[in-house]
Amino acid sequence: MDTSKIVGEKIKALRENKSITIEELAQRSGLAVEQIERIEGNIDLPSLAPLIKIARVLGVRLGTFLDDQDETGPVVCRKEEAKDSISFSNNAIHSRKHMEYHSLSKSKADRHMEPFIIDVAPTADNDFVLSSHEGEEFIMVMEGIMEISYGKTSYLLEEGDSIYYDSIVPHHVHAYEGKAAKILAVIYTPI
């Protein structure tokens with residue numbers, strides 16, 4: 001199931017259900033009205049940072065946009081289930097390249113962490129915009145080499161390497177030298 005078209009629809013439904021106008025959502029999230037309109041209309045593939053800001057204004061977890069279910073006990077995700085994906089932008093300036101996020105917990109209700117396997121698409125673009133949001137992130141490289149720009153420092157991580165950081169510091173995660181890679185990422189965002 002490709003859920004990339006569902007995110008905008010869920011945001012719009014949640015916003016309307018809470019009687020929040022697009023203008024109010026934009027003001028409270030710090031995003032432009034046009035950006036929210038494009039996200040809700042499934043025109044733009046958003047990066048995680050604006051989605052996290054929208055989730056906070058709407059009072060929901062990031063996972064709410066990713067097909068939440070009602071399971072309160074443990075959730076097992078079989079590898080064939082992890083093939084379902086959702087696409088997000090990688091925040092490149094000149095392209096709309098994206099990463100494929102495979103949720104490992106989409107059926108777990110009331111979760112506070114979002115674990116993903118992420119297929120990072122190859123790209124020639126190396127002009128990235130750092131972004132920040134509340135929370136923490138853990139990344140482990142499964143294949144390839146990743147570059148993590150964190151504040152004024154860049155870290156190269158090879159297969160088996162990991163990094164854990166506060167995501168309030170401006171950061172960007174991308175494949176090193178534009179080659180494809182695969183990572184395990186766990187994102188924590190407070191509500």
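These values consider heavy atoms only, across backbone and side chains, with no hydrogens, waters or symmetry-generated copies.
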Checklist entry - With distance as the sole test, does S154 use its side chain to make a donor-acceptor pair with the main-chain N or O of S149 at under 3.5 Å? => result no
Checklist entry - Can you list the steps and then say if I117 with L104 is a side chain to side chain contact (heavy atoms under 4.5 Å, CB included)? => result CA-CA 7 Å; I117 298 290; L104 301 177; 3.9 Å; yes
Checklist entry - Is there side-chain contact between V120 and H174, with heavy atoms separated by less than 4.5 Å? => result no
Checklist entry - Do you know which two heavy atoms are closest between I139 and A185, and how far apart they sit? => result CG1-CB, 4.2 Å
Item to check | Least distance between heavy atoms, I168 atom then S132 atom | outcome: O-CB, 3.1 Å
Next on the checklist: Test of understanding: with salt bridge (charged side-chain N to carboxylate O under 4.0 Å, His left out), list the residues that count as partners of E134, not counting sequence neighbours.
Outcome noted: R56
Checklist entry - For E136, which residues count as a side-chain hydrogen bond (donor to acceptor under 3.5 Å, both in side chains) partner, sequence neighbours excluded? => result Y164
Next on the checklist: Going by salt bridge (charged side-chain N to carboxylate O under 4.0 Å, His left out), name the residues that satisfy it together with E177, two or more places apart in sequence or in a different chain.
Outcome noted: K179
Next on the checklist: Are the side chains of L157 and I145 in contact, using a 4.5 Å heavy-atom criterion?
Outcome noted: no
Checklist entry - Can you tell me how far the CD1 atom of I118 sits from the CD1 atom of I187, to the nearest 0.5 Å? => result 5.5 Å
Next on the checklist: In the structure I gave you, are the side-chain heavy atoms of V186 and E137 within less than 4.5 Å of one another anywhere?
Outcome noted: no
Checklist entry - Side chain of H171, backbone of S131: donor and acceptor closer than 3.5 Å? => result yes
Checklist outcome for this item: Hits for ring pair (Phe, Tyr, Trp, His ring centres under 6.0 Å) against Y150, two or more places apart or cross-chain, chain-then-number order -> Y165
Checklist entry - Would a 4.5 Å heavy-atom cut-off, applied to side chains only, mark Y155 and I163 as touching? => result yes
Checklist entry - Would you find a donor on one side and an acceptor on the other, under 3.5 Å apart, between the side chain of D119 and the backbone of K182? => result no
Item to check | Non-neighbouring partners of K12 that pass salt bridge (charged side-chain N to carboxylate O under 4.0 Å, His left out), sequence neighbours left out | outcome: none
Checklist entry - In chain order, what residues pass the salt bridge (charged side-chain N to carboxylate O under 4.0 Å, His left out) check against E40, with sequence neighbours excluded? => result R15
Checklist outcome for this item: The side-chain hydrogen bond (donor to acceptor under 3.5 Å, both in side chains) partners of E24 (sequence neighbours excluded) come to R28
Checklist entry - How long is the span from the CG atom in L51 to the CD atom in E114, to the nearest 0.5 Å? => result 11.0 Å
Would you list the atom pairs, donor with acceptor, under 3.5 Å between side chains in residues 32-39 and any protein atom, with sequence neighbours excluded?
unit_1 : atom_1 : unit_2 : atom_2 : d
R38    : NE     : D44    : OD1    : 3.2
R38    : NE     : D44    : OD2    : 3.0
R38    : NH2    : D44    : OD1    : 3.1

Item to check | H133 vs T189 side-chain heavy atoms within contact, under 4.5 Å | outcome: yes
Checklist outcome for this item: When rounded to the nearest 0.5 Å, the distance separating OG of S29 from CD1 of I52 is 12.5 Å
Next on the checklist: Using side chain to side chain contact (heavy atoms under 4.5 Å, CB included), reason through V173 and M146 one step at a time and then give a plain yes or no.
Outcome noted: CA-CA 7 Å; V173 176; M146 294 295 293; 3.3 Å; yes
Checklist entry - According to the salt bridge (Lys or Arg N to Asp or Glu O under 4.0 Å) rule, which pairs have a member within residues 138-161, sequence neighbours left out? => result none
Next on the checklist: Taking the side chain as everything from C-beta on, heavy atoms only, tell me whether L184 gets closer than 4.5 Å to F116.
Outcome noted: no
